[in-house]
Each structure stands twice: as structure tokens, then as C-alpha cells.
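Here is the naming used below: chain letters follow the sequence lines, and residue numbers restart at 1 for every chain. This one's a predicted model, so the numbers in the text were calculated from it and none came from an experiment. The analysis underlying the following values was restricted to heavy atoms, covering all of them including side chains, and did not include hydrogens, waters or symmetry mates.
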Number of protein chains: 2
Amino acid sequence: MTDLAPHELRILVAVDRDRSFTAAATALGMSQSAVSHAVRGCERKLGAVLFERGRHGARPTPAGAQAAAHARQILHLLATLATETRAAAQQTAELTGPLRIVAFRSAAAHLLPGVLARLTARHPGLEPELRIVREIGRGTAGEVADGHAELGIATLDAATGQSPSPSLPGLLAGRLFTEPYALAHPVGHPLPRTLPLVDWDENCGSYTRDWWRSQDWIPAATVNVEDDTVTLSLVAQGLGMSIMPALTLLGAPPGVAVTGLGPQPPTRTVGYVTTPALARTAAVRELIRELRSVPAPTLAPSV
Amino acid sequence: MTDLAPHELRILVAVDRDRSFTAAATALGMSQSAVSHAVRGCERKLGAVLFERGRHGARPTPAGAQAAAHARQILHLLATLATETRAAAQQTAELTGPLRIVAFRSAAAHLLPGVLARLTARHPGLEPELRIVREIGRGTAGEVADGHAELGIATLDAATGQSPSPSLPGLLAGRLFTEPYALAHPVGHPLPRTLPLVDWDENCGSYTRDWWRSQDWIPAATVNVEDDTVTLSLVAQGLGMSIMPALTLLGAPPGVAVTGLGPQPPTRTVGYVTTPALARTAAVRELIRELRSVPAPTLAPSV
DNA sequence: CGGCTTCCATGAAGGCTGCTCATGGAACGG
DNA sequence: CCGTTCCATGAGCAGCCTTCATGGAAGCCG
């Protein structure tokens with residue numbers, strides 16, 4: 001049989017994480033030799049080299065990274081099998097266990113606290129862990145695909161409701177809400193359009209690009225920053241204006257005025273991303289249920 | 001360890017399907033005793049009764065049905081792990097074709113040879129072509145944007161990790177390392193600060209300008225040359241001194257002494273530039289992987 | 001350039017685990 | 001009451017995983 005045993009999965013994950021047979025072995029409380037034998041066994045079973053051995057430890061090959069990503073997912077499902085089976089035996093709907101969530105900053109700050117509060121109120125045994133991941137590169141969906149999280153909050157393609165990330169097959173996405181962009185500008189500034197536009201890296205622009213095209217003005221200049229909170233600070237200090245989604249604007253400090261962008265503002269769609277297998281687990285289903293019950297953020301009343 | 005092994009999962013699924021230990025055993029090609037032992041082992045690990053045994057076989061309890069459902073998912077994922085891992089290995093093994101790379105001179109001379117050697121060692125089918133492009137004007141990023149190369153080595157903005165070039169939209173940049181500048185001066189010269197500063201066109205100064213501002217001396221004169229190797233030659237012949245990045249100084253001829261610029265030297269950030277579409281191709285991904293494994297250059301010991 | 005250190009690989013030996021075989025107990029039907 | 005058909009149980013054996021003890025290769029450093 002070519003299946004990998006749980007202890008082998010654990011070893012793959014540890015080596016992938018520690019980039020070293022020796023470090024993985026001590027982390028797992030066993031000898032380096034055991035790790036070496038186990039990795040070799042995995043490679044024999046799979047017929048592929050999983051790690052490049054060298055002077056500086058072990059680097060995963062593409063095949064190894066792929067295997068480790070699956071291994072993380074499988075190990076979580078094995079743990080879920082145990083907890084959910086025990087729960088079913090006790091006839092109790094009590095959910096327990098860790099639930100790793102990744103989200104971009106504004107969702108983590110304004111969307112998830114309430115959701116997680118309600119979730120843990122109903123299921124005190126759940127241990128949600130929220131991690132902030134910037135929505136660039138493979139973004140939150142990549143974290144889910146790599147088995148680093150059970151569910152990710154991501155920006156989705158508005159039309160298809162799928163993750164727009166480049167080819168992450170096998171992921172399951174669902175739409176939560178579509179929110180408008182709005183203009184954030186300093187309170188009381190007479191001519192906000194003359195200020196430089198502040199954009200931030202994650203706001204890859206694809207959502208607002210169409211809107212810009214239909215406008216008859218272009219900003220005087222553009223400044224790029226890394227973080228949306230920095231953007232808001234710059235705006236609050238009168239150093240610029242910005243086009244930001246409603247969720248981010250919920251955290252706008254005083255000094256930032258918000259103005260809608262008319263009847264057809266640009267929008268972005270926010271949703272969740274998980275795997276089909278995880279979508280069948282009780283914990284993830286409950287989390288999605290809570291997420292769905294959240295209303296779409298609207299523009300805060302202009303200060 | 002409470003995890004269920006793959007063979008145990010298979011047994012659970014078979015018993016759940018066949019409603020009988022005996023039938024499951026024959027279906028799996030093993031003895032009824034083995035199934036009995038295995039099921040008992042699962043029940044012990046999970047702490048729950050999974051099947052009701054009776055005269056007419058084995059009926060799954062709710063817990064057993066739950067466990068079997070998860071077991072099917074996990075077995076499917078284990079199979080997926082194997083096939084996708086093999087596919088990933090296959091894909092990287094079959095990498096072939098040309099791979100056009102542009103880089104500024106010092107990266108081409110000191111960074112890429114080792115990288116390309118390792119890359120072609122692992123993927124003999126790849127044919128990397130390295131072209132040197134001066135980092136002025138649109139630089140290497142422009143070559144990538146124009147489709148003349150798959151990947152460029154470029155100097156990036158230290159803060160954002162993006163290409164500092166004037167708005168080449170749609171390009172994907174990634175940071176590789178940040179290296180310090182250092183003072184290159186003739187060996188044995190008593191007063192290097194009295195020599196003229198040799199600057200070269202590519203060293204547009206933006207990286208070192210802040211540092212100069214904090215200094216209490218300014219060079220006697222400034223000479224501009226086209227090429228960093230010319231700069232080094234001038235220094236070696238005692239005709240000047242220069243501030244150059246570590247990567248360039250790796251090629252310093254004898255006669256050039258290198259001195260660090262203190263605890264907070266100016267630095268420049270070197271990275272790669274490609275397009276999102278190319279970043280998805282296996283060849284470019286592998287190249288980036290090799291690039292990332294290169295340590296940041298440090299100052300060669302002063303001769 | 002040679003020792004030192006730090007990686008991983010390898011082979012032999014021991015213990016654990018899972019399998020089979022043989023047998024026993026329980027329930028049902030004739 | 002007997003036969004049949006389930007599953008349970010215990011002993012023995014084979015295979016696997018781990019450890020121990022080495023060895024080889026590759027930097028690091030004087």
C-alpha cells in the first residue's frame with residue numbers, strides 16, 4: 001500500500017517547517033535517523049524526491065511542498081475525525097478543537113470579532129485562532145490550500161464568486177457580501193480632489209480600475225503604502241485622499257470623512273475559502289453559518 | 001497516539017459499507033479476526049463504540065457513521081496527495097525550454113552563475129539565457145514588461161518591495177535580499193576622503209543620498225562613469241574612491257580596499273521582476289525558488 | 001590545508017504492532 | 001437440540017519503526 005501513515009505525515013510537515021531533518025527530529029522527540037528512514041520511506045512510496053538534502057539542511061522540492069500541504073490538511077482532518085466522533089458518541093452537539101482562520105486585516109478587525117464571539121458563545125469548546133495575512137500573492141486562499149488554516153476570508157471575483165487567485169484548484173469559495181468603495185478624505189478639506197491619491201499594495205486596483213476609467217478626473221499624484229491603516233492615517237492628517245472599501249473605512253480615525261462614490265460605486269466581493277473536505281466538518285459549517293449572518297458593511301455616516 | 005492509520009480507515013469504511021466484519025474482511029482480503037482486532041483498536045483510540053455487533057452483522061452507531069464518513073474523505077485526500085505529489089515531481093522533471101533572464105551587471109556576474117548552475121543541474125532541459133541590461137531608464141523591469149525576458153533582477157524600493165520604476169503596471173516583484181553599501185578605496189592610500197568620488201550612472205544615488213546627508217564630510221569632487229567595473233578600476237589605480245553595493249564589490253580587483261560604512265550603512269534591495277502570468281509557469285517558479293535560496297551578499301573581508 | 005563541526009545516510013538489533021490461526025461464545029433457525 | 005453464522009479472544013509470527021552506532025560530505029576556521 002502506498003498510503004502515508006499519520007506519523008509519516010507528521011514527519012513531512014515537521015521537516016517542511018524546520019527545513020532540517022535534525023531539527024524536525026528533536027521537535028518530534030525522536031532520532032534523526034528515524035526521520036531519515038521515514039522520509040526515505042515516503043519518497044519510495046510516492047516515487048518522488050520530496051526534499052533536497054544539502055549542507056544547510058533539507059529544502060522541500062515542489063513535490064515535497066505539495067505533499068506537506070496535503071499532509072497538514074489530512075492531519076487536521078484526522079484530529080477532527082476523533083473529536084467529532086467522540087461528540088457523536090456523547091450525543092452532544094458540543095464542538096471542540098482548534099479552528100484556524102486567516103483573514104486580511106480589515107476583515108480580521110471589523111468582521112471576525114463579532115462572528116467569533118457568537119461562535120464561541122454557542123460552542124465554548126472551540127478554539128478559534130485568527131491570523132492576519134495580507135491579500136497579496138496567493139493570499140488567504142493560499143494559506144488554506146497549504147493546510148495552514150481551515151478557513152480564509154478572501155476577496156472573490158464578483159462575477160464567479162470564485163477565488164481570483166491564480167489556479168488554486170480544489171478550493172471551495174462562497175460569497176459573503178459585496179461592499180462599495182468610498183472616498184476617504186480629510187475632514188474640511190476644500191478641494192480633496194487636488195490631494196494625492198493614496199493607494200496600498202493589497203488594493204491591487206482591479207476593483208477600482210473600471211470605475212476610474214469612467215471618471216472625468218484623475219488624481220494629482222499617487223502614493224503607495226503597505227498598509228491600509230497607514231492609508232487612513234495619511235488621510236486623517238490631510239496628506240491625501242483614498243478610495244477604500246467600506247470594511248476598511250469602519251476603522252477610520254477622526255479626521256477622515258467618507259463620501260460615497262455615487263449610484264454606481266466600484267465594489268468588491270468578500271467571501272470565504274475552504275476545502276470541500278473541511279466544509280463538511282461541523283466546526284467549519286458553524287463558522288460559515290455565523291459568517292453568513294453578518295450584514296454587508298455599509299458606509300459609516302460621514303463625520 | 002490516537003490517530004487512525006490508513007488501514008484502519010479502510011477497515012472502518014469497509015465495515016460501514018458491508019455491515020459485517022466478515023464481509024469486510026473478505027472484501028479487504030484479510031481475516032475476520034484482523035477486522036475485529038482493528039475495529040476494537042479504533043474504538044479504544046477514539047473512546048467510542050463504532051459498531052453495534054449482533055447476530056446479523058455490524059451496524060454503525062452514529063459515532064461509527066461519523067467516523068466512516070470522515071474516513072472516506074481522508075482516504076480520498078491521501079490518494080490525492082500521492083497523485084498530485086507525483087504530478088508535481090513529474091512536472092518539474094519535465095521542465096524544458098528557454099528561460100530569458102535580464103540582470104544588471106553585478107547580479108549577472110556574481111549572483112546568477114551559481115543560481116543557474118543549480119537550476120540547470122536539477123532541470124537539464126532548461127536553457128537559461130542571461131542578458132545584461134543597465135539599470136537605467138526602465139531597466140530590467142522594462143525588458144520584462146516588453147516581453148523580452150521572463151524574469152529580471154532589479155533593484156526594488158526597500159519599503160514596498162515593488163519595482164521603483166515609474167509605473168510599470170502589471171508586473172510582479174519580489175524581494176530577494178537587502179545589501180549594504182560600502183566604501184571602496186585604494187589600498188594603502190593615507191587619506192581616501194580627499195580623493196574624488198567616482199559615481200556611475202546606474203547608481204542613481206537615491207539609495208545613498210540619505211546616508212550622505214547624515215555625514216559631516218563631502219567628497220572633494222565627483223567623477224561620473226558609465227560602468228561599475230570602470231569605477232572599480234579607477235579606484236584600484238588610486239584615482240578615486242567610491243560607495244558601492246556589496247554585490248558589485250565582490251568583483252573588486254586587487255588594489256581595492258573595502259571598508260564598511262558603520263552600523264547603519266545605506267542599503268539597496270535587490271529582487272526579481274516578472275509578470276503574474278509568468279510567475280505561474282513552472283520554469284519561472286523554479287528559478288525564483290533558486291534565487292530565494294541565495295544568501296544576501298556581505299562585505300568581502302577588507303584586503 | 002587539516003581538524004572540527006554539522007548536516008544526512010546506512011546497517012544492525014530490539015520492541016511494538018498487526019496479522020493469521022485456532023478456538024470459543026452467542027444468537028438464530030430448523 | 002444441532003448446525004450455522006456471526007463476532008471475540010489469545011498465542012505466535014512477521015514486518016515495520018525506532019534507536020544506536022557509524023560513516024561520508026560539506027562548510028567553517030584557524
task = Starting from C1' on C:dC19, measure out to CZ on B:F21 and report it in whole angstrom.
result = 16 Å
key: Value in whole Å for how far the P atom of C:dA9 lies from CZ of A:R44   = 15 Å
inquiry  = Rounding to an integer number of Å, can you tell me how far B:E52 CD sits from D:dA8 P?
reply    = 12 Å
ask   = Is there side-chain contact between A:V144 and A:T275, with heavy atoms separated by less than 4.5 Å?
value = yes
ask   = On DNA chain D, nearest-nucleotide positions of B:S36 versus A:E8: which is more 5'?
value = B:S36
query = Hey, mind stepping through A:D146 and A:R72 against salt bridge (charged side-chain N to carboxylate O under 4.0 Å, His left out) and telling me if it holds?
reply = CA-CA 7 Å; A:D146 288 347; A:R72 274 184 287 269; 5.4 Å; no
inquiry  = Less than 4.5 Å apart, side chain to side chain, heavy atoms only: is that true for A:E84 and A:T281?
reply    = yes
ask   = Within this structure, what is the CG-to-P distance between B:D3 and C:dG18, rounded to whole angstrom?
value = 13 Å
ask   = Quick one: side-chain hydrogen bond (donor to acceptor under 3.5 Å, both in side chains) partners of A:R131, sequence neighbours excluded?
value = A:E143
Spacing of A:I11 atom CD1 relative to D:dC17 atom P, expressed in whole Å = 9 Å
Criterion salt bridge (charged side-chain N to carboxylate O under 4.0 Å, His left out) on A:E129 and A:R100, from CA distance to verdict = CA-CA 5 Å; A:E129 297 164 13; A:R100 297 168 299 173; 5.5 Å; no
Value in whole Å for how far the C1' atom of C:dT6 lies from CZ of A:R53 = 17 Å
ask   = Does B:I101 offer a backbone N or O that forms a donor-acceptor pair with the side chain of B:E150 under 3.5 Å?
value = no
OP1 or OP2 of C:dT10 under 4.0 Å from side-chain N/O of A:R40 = yes
task = May I ask you to verify if any side-chain N or O of B:H7 is less than 4.0 angstrom from the OP1 or OP2 atom of C:dC19?
result = yes
query = Given C:dC7, is OP1 or OP2 found less than 4.0 Å from the side-chain N or O atoms of A:R19?
reply = no
inquiry  = I need a per-nucleotide contact map over nucleotides 20-30 of chain C, read 5' to 3'. Cutoff is protein heavy atoms under 4.0 Å; write B for the base, S for backbone only, - otherwise.
reply    = BBB----BS--
Could you pull out every donor-acceptor pair under 3.5 Å between side chains of residues 33-50 of chain A and any protein atom, sequence neighbours left out?
residue : atom : partner : partner atom : Å
A:E43   : OE1  : A:R53   : NH1          : 3.2
A:E43   : OE1  : A:R53   : NH2          : 3.0
A:E43   : OE2  : A:L50   : N            : 2.9
A:E43   : OE2  : A:F51   : N            : 3.4
A:E43   : OE2  : A:R53   : NH1          : 2.7
A:K45   : NZ   : A:D3    : O            : 3.1
A:K45   : NZ   : A:E8    : OE1          : 2.8
A:K45   : NZ   : A:E8    : OE2          : 3.3

note = Separation of D:dC7 atom P from B:D18 atom CG, nearest Å, is 11 Å
